[in-house]
Amino acid sequence: MSDPSQEVMTVDARGLLCPLPVIRTQETIKQLPPGTILKVLATDPGSLEDIPAWCRVHGHTVLETRRERDNILLVLRV
Amino acid sequence: MLAARVVQDQGIHVEGVNFFTGFCVEGHTHAIRDRKHEKPKRNNALWVAEQLGIKLHIIDISEDYKDIVLHPRHGYGQNLNPCLDCKIFMVGQTLKLGLMDDLDFDFVLTGEVIGQRPKSQRRETMPIIAKESGANDRLLRPLCALNLPPTLPEREGWVDREQLFGFHGRNRKPQMELAKKFGFRDYAQPAGGCCFLTDETYSNKLRDLWGARGSRDYQLDDIMLLKIGRHIRPRPHFKLIIGREEGENRFLEGYRNQFTHLAVTNYPGPLALIDGNVTGTDTELAARIVARYSQGRSVDKLWVTVTSVTGVSQDIEVTPFAPYELEPSWHVGS
């Protein structure tokens, strides 16, 4: 789970289809210092596969993934 | 995948670049179609990056790419595929990205093989791509390098030319053997198309869009919608986009505030969007066509709800089209 004391940024990629949620996440992370917690909201189920894969190749950590019906939440640490 | 691995094996740091043009077959279409019956599709570029242990930069070029699609200097392939211009553009974009301060790369490599593709991978096109992309002799093709003059990385000794390959032609057996040598048991379909612009039906739909609007232009939503549903143009000034299954209906729902939309009220059926302006008789025609694709297609009368972009709805009672009433020429793309 993420540390509640840390500043949390959010990417809202709801309604976008992959790879756009990955691209939005990538562009946001470029601007963030290491250690930042980033929440990604998405609706494309592909995000559950693609964003963690992107994080693995770039060395970022996936802290949490959650899916409730069509809504997907990923919590990442940069 | 192979080209990157060949260079990695020489101790060179490689990163991958993958472009989103809006016309990509994988990703969007897999996400849109109903997923009940199949497991989620992987993103091949990310999968390859993981196999190779390299970073992957996914770049959205959909806006700049319009110029390539609309004004290809080297023309189209069999359909609306501007393959040579596309390759020039992507190599140029990769070079630009690679030269950025935080990346600072020395050269670009591609998996091109002379003779593998009729339009963009020919002996004559190789130097054109190198020159017009601006990469010049910083463009290395490890899989067919021995058939080409030595590039800067080879001349400078950054890459050992002796360890590169001289593959050519459409036969992919040498690549498959090399993949086996590297221990790659799985890879993306070698001859699988990855771009909708190579597809005849899709290209016809795009031409139809341009013809109906009177100008060769498009927005991202236009080209997304061309991937989805049945496109039926019963009149020159409007067409229907009719969902073919649950996943497509769900995707089309996202466009309800941009298009007048229709759905059969008292029978299960698709969601349909109207692209264009419709008047009274057109609305009835559209409703009868949509009814044809509902489970009430055989009844004498049924109700269709027509909702405008402002959310104003009206229910109209119509007789579903009989199969013979739906003219084959109305089906866009075929």
Side-chain angles (χ1 to χ4, degrees), chain A residues 9-78, chain B residues 14-22 24-36 38-62 97 100 102-103 194 220-221 223-225 227-228 246-248 250-251 253-258:
Chain A
M9 304 286 292
T10 302
V11 170
D12 188 349
R14 287 176 293 183
L16 300 178
L17 297 171
C18 279
L20 290 171
V22 183
I23 294 173
R24 298 286 183 271
T25 304
Q26 174 186 264
E27 296 311 308
T28 305
I29 284 183
K30 266 187 199 168
Q31 317 297 325
L32 299 176
T36 309
I37 302 296
L38 182 67
K39 274 186 186 177
V40 182
L41 307 173
T43 44
D44 178 2
S47 308
L48 282 169
E49 306 280 331
D50 296 350
I51 293 176
W54 183 87
C55 286
R56 286 194 294 274
V57 301
H58 285 268
H60 306 299
T61 309
V62 179
L63 300 173
E64 187 183 346
T65 60
R66 202 190 305 161
R67 181 177 183 181
E68 284 172 18
R69 299 176 69 179
D70 287 341
N71 290 307
I72 289 159
L73 167 72
L74 297 105
V75 184
L76 320 175
R77 184 168 53 226
V78 180
Chain B
V14 177
E15 293 188 12
V17 186
N18 178 245
F19 294 103
F20 170 68
T21 63
C24 317
V25 171
E26 80 163 35
H28 283 88
T29 28
H30 294 153
I32 294 164
R33 298 303 298 272
D34 193 3
R35 295 170 299 270
K36 270 189 300 194
E38 52 184 318
K39 59 183 182 184
K41 295 284 193 299
R42 69 185 184 205
N43 177 307
N44 273 323
L46 276 166
W47 181 81
V48 167
E50 277 206 275
Q51 302 307 302
L52 296 171
I54 63 173
K55 288 186 177 178
L56 178 74
H57 307 273
I58 307 179
I59 313 295
D60 180 358
I61 53 167
S62 55
L97 178 79
M100 278 160 49
D102 55 337
L103 293 177
C194 60
L220 188 58
D221 279 341
I223 59 174
M224 290 292 135
L225 286 169
K227 299 175 184 180
I228 299 304
E246 198 185 322
E248 291 192 342
R250 207 167 34 236
F251 180 75
E253 279 176 13
Y255 288 92
R256 284 178 301 181
N257 62 351
Q258 295 178 49

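It should be emphasised that the depicted structure is a prediction, and the values quoted were computed from it without experimental measurement. Side-chain atoms are counted along with the backbone in the values below, which use heavy atoms only and exclude waters and symmetry mates.
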Quick check: do A:L17 and B:F251 have side-chain heavy atoms less than 4.5 Å from each other? yes
Considering only heavy atoms from C-beta outward, does the side chain of B:N43 approach that of A:C18 to under 4.5 Å? no
Say you draw a straight line from [atom1] of [X] to [atom2] of [Y]; how long is it, rounded to the nearest 0.5 Å?
| X | Y | atom1 | atom2 | answer |
| --- | --- | --- | --- | --- |
| B:R250 | A:T43 | CZ | OG1 | 10.0 Å |
| A:H58 | B:L46 | NE2 | CG | 7.5 Å |
| A:D50 | B:W47 | CG | CH2 | 14.0 Å |

Is it the side chain or the backbone of B:L52 that comes within 4.5 Å of chain A heavy atoms, both, or neither? neither
Please classify the contact between A:R14 and chain B as side chain, backbone, both or neither, with a heavy-atom cut-off of under 4.5 Å.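 Answer is neither: A:R14 stays 4.5 Å or more from chain B.
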Using side chain to side chain contact (heavy atoms under 4.5 Å, CB included) as the criterion, point out the one residue from A:R24, A:Q26, A:E27 that pairs with B:D60.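 With B:D60 as partner, side chain to side chain contact (heavy atoms under 4.5 Å, CB included) holds for just one option, A:R24.
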What are the two closest heavy atoms between A:V57 and B:K55, and how far apart are they? O-CG, 3.5 Å
